[in-house]
Amino acid sequence: MAEKLAPEKRHSFVHDGQEVFEWDQTLEEVNMYIKLPPNVHPKQFYCKIQSKHVELGIKGNPPYLNHDLTCPVKTDSSFWTLEDDIMHITLQKRDKGQTWASPILGQGQLDPYSSDLEQKRLMLQRFQEENPGFDFSQAQFTGNCPDPRTFMGGIRTD
């Protein structure tokens with residue numbers, strides 16, 4: 001049931017007509033997906049994740065991304081992997097349930113409608129997590145959706 005509340009599709013950040021990265025989020029993490037250039041050995045790629053900043057690129061070249069993050073992350077549980085010519089960066093949210101409009105501060109922000117849909121999906125994901133015996137996959141919000149971090153006493157951490 002919880003998988004029905006997973007992101008339906010990835011968001012794309014496009015700059016000058018070229019896709020820079022795709023991304024999605026859950027209550028606890030933001031995932032970035034970056035297509036790697038061909039003919040570069042995997043050991044040449046690097047990614048440095050700091051609490052409010054991410055830098056990645058090919059060693060010996062200017063960074064591909066060198067930007068502040070929208071929100072702080074837990075660096076000890078954030079990581080990156082390379083698989084099938086895709087760099088997958090998992091950023092563990094410091095504030096569980098916070099809805100990010102984009103991983104990168106000021107770049108590729110979701111429009112208000114898409115941001116509202118994300119917040120509603122995260123709220124349903126929170127309900128599912130807190131009430132595993134119930135199926136919230138067909139639930140819908142009408143009107144404004146409350147903030148999943150603070151609604152009804154906030155997110156439980158026990």
Side-chain angles (χ1 to χ4, degrees), residues 1-15 19-36 42-59 61-112 114-132 134 136-137 141 145-158:
M1 287 177 234
E3 53 275 353
K4 292 180 183 177
L5 299 174
E8 292 179 17
K9 65 178 184 125
R10 296 177 184 168
H11 306 288
S12 291
F13 171 49
V14 178
H15 181 72
E19 182 178 272
V20 179
F21 60 82
E22 291 183 316
W23 70 281
D24 60 30
Q25 67 183 310
T26 66
L27 279 172
E28 298 179 355
E29 61 191 29
V30 172
N31 297 290
M32 296 175 65
Y33 308 90
I34 299 149
K35 292 179 184 166
L36 301 174
K43 291 187 185 266
Q44 292 182 276
F45 294 102
Y46 74 94
C47 182
K48 186 171 160 183
I49 302 169
Q50 298 172 316
S51 67
K52 295 182 180 181
H53 193 86
V54 65
E55 179 182 329
L56 63 102
I58 300 171
K59 294 174 186 170
N61 294 289
Y64 177 71
L65 283 179
N66 188 13
H67 294 282
D68 288 336
L69 297 169
T70 297
C71 300
V73 299
K74 296 177 184 177
T75 55
D76 59 342
S77 51
S78 296
F79 60 94
W80 62 281
T81 60
L82 299 176
E83 186 177 334
D84 298 329
D85 297 327
I86 302 284
M87 179 180 280
H88 177 190
I89 303 171
T90 299
L91 303 168
Q92 191 74 32
K93 294 178 179 179
R94 186 178 294 167
D95 298 317
K96 180 179 176 180
Q98 187 167 27
T99 305
W100 289 27
S102 173
I104 303 299
L105 184 65
Q107 301 290 322
Q109 305 293 320
L110 293 177
D111 61 75
S114 297
S115 186
D116 185 57
L117 289 177
E118 273 299 286
Q119 186 159 327
K120 289 176 180 177
R121 188 183 56 73
L122 291 180
M123 178 59 87
L124 291 173
Q125 193 179 64
R126 176 188 156 191
F127 287 160
Q128 184 68 57
E129 184 179 284
E130 292 178 358
N131 303 281
F134 295 93
F136 290 95
S137 62
F141 285 97
C145 178
D147 186 333
R149 292 175 299 155
T150 57
F151 181 69
M152 294 183 68
I155 292 178
R156 297 182 205 153
T157 56
D158 47 295

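The nearest pair of heavy atoms linking Val54 to Cys47 is CG2-SG, 4.1 Å. Nearest approach of His15 to Val20, heavy atoms of both residues: CB-CG2, 3.7 Å. Closest non-hydrogen pair, Asn66 versus His53, comes out as OD1-NE2, 2.6 Å. When all heavy atoms of Ala101 and Trp23 are compared, the closest pair comes out as O-CZ2, 3.4 Å.
Looking only at side-chain heavy atoms (C-beta outward), Ser51 and Arg94 come within less than 4.5 Å of each other. Side-chain contact between Thr26 and Gln125: present, with at least one pair of heavy atoms (C-beta onward) separated by less than 4.5 Å. Between Lys96 and Glu129, some side-chain heavy-atom pair lies under the 4.5 Å cut-off. Side-chain contact check for Leu122 versus Trp100: every heavy-atom pair is 4.5 Å or farther apart. Residues Leu36 and Ile86 fail the side-chain proximity criterion, which asks for heavy atoms closer than 4.5 Å. Considering only heavy atoms from C-beta on, Met123 stays 4.5 Å or farther from Gln119 through its side chain. Two residues are said to be in side-chain contact when any heavy atoms from C-beta on lie closer than 4.5 Å; Leu105 and Leu69 fail this criterion.
Within 6.0 Å of CG on Asp84 lie no more than 12 heavy atoms contributed by other residues, nucleotides or ligands.
For the side chain to side chain contact (heavy atoms under 4.5 Å, CB included) test with Met87, the passing option among Tyr33, Phe21, Tyr46, Phe45 is Phe45; the others fail. In summary, of the residues considered (His11, Lys93, Arg10), a side chain to side chain donor-acceptor pair (under 3.5 Å) with Gln25 occurs for Lys93 alone. Between Ile89 and the options Asn31, Leu65, Ile49, Val30, a side chain to side chain contact (heavy atoms under 4.5 Å, CB included) holds for only Ile49.
Ion pairing of Glu118 with Arg121 is present here, as a side-chain N (NZ or NE/NH1/NH2) and a carboxylate O approach within less than 4.0 Å. A salt bridge does not link Lys74 with Glu28: none of the charged nitrogens is closer than 4.0 Å to a carboxylate oxygen.
In this structure, the side chain of Ser12 does not engage the main chain of Glu22 through any donor-acceptor pair within 3.5 Å.
Thr90 and His88 form a side-chain donor-acceptor contact under 3.5 Å, judged by distance and modelled atom types alone.
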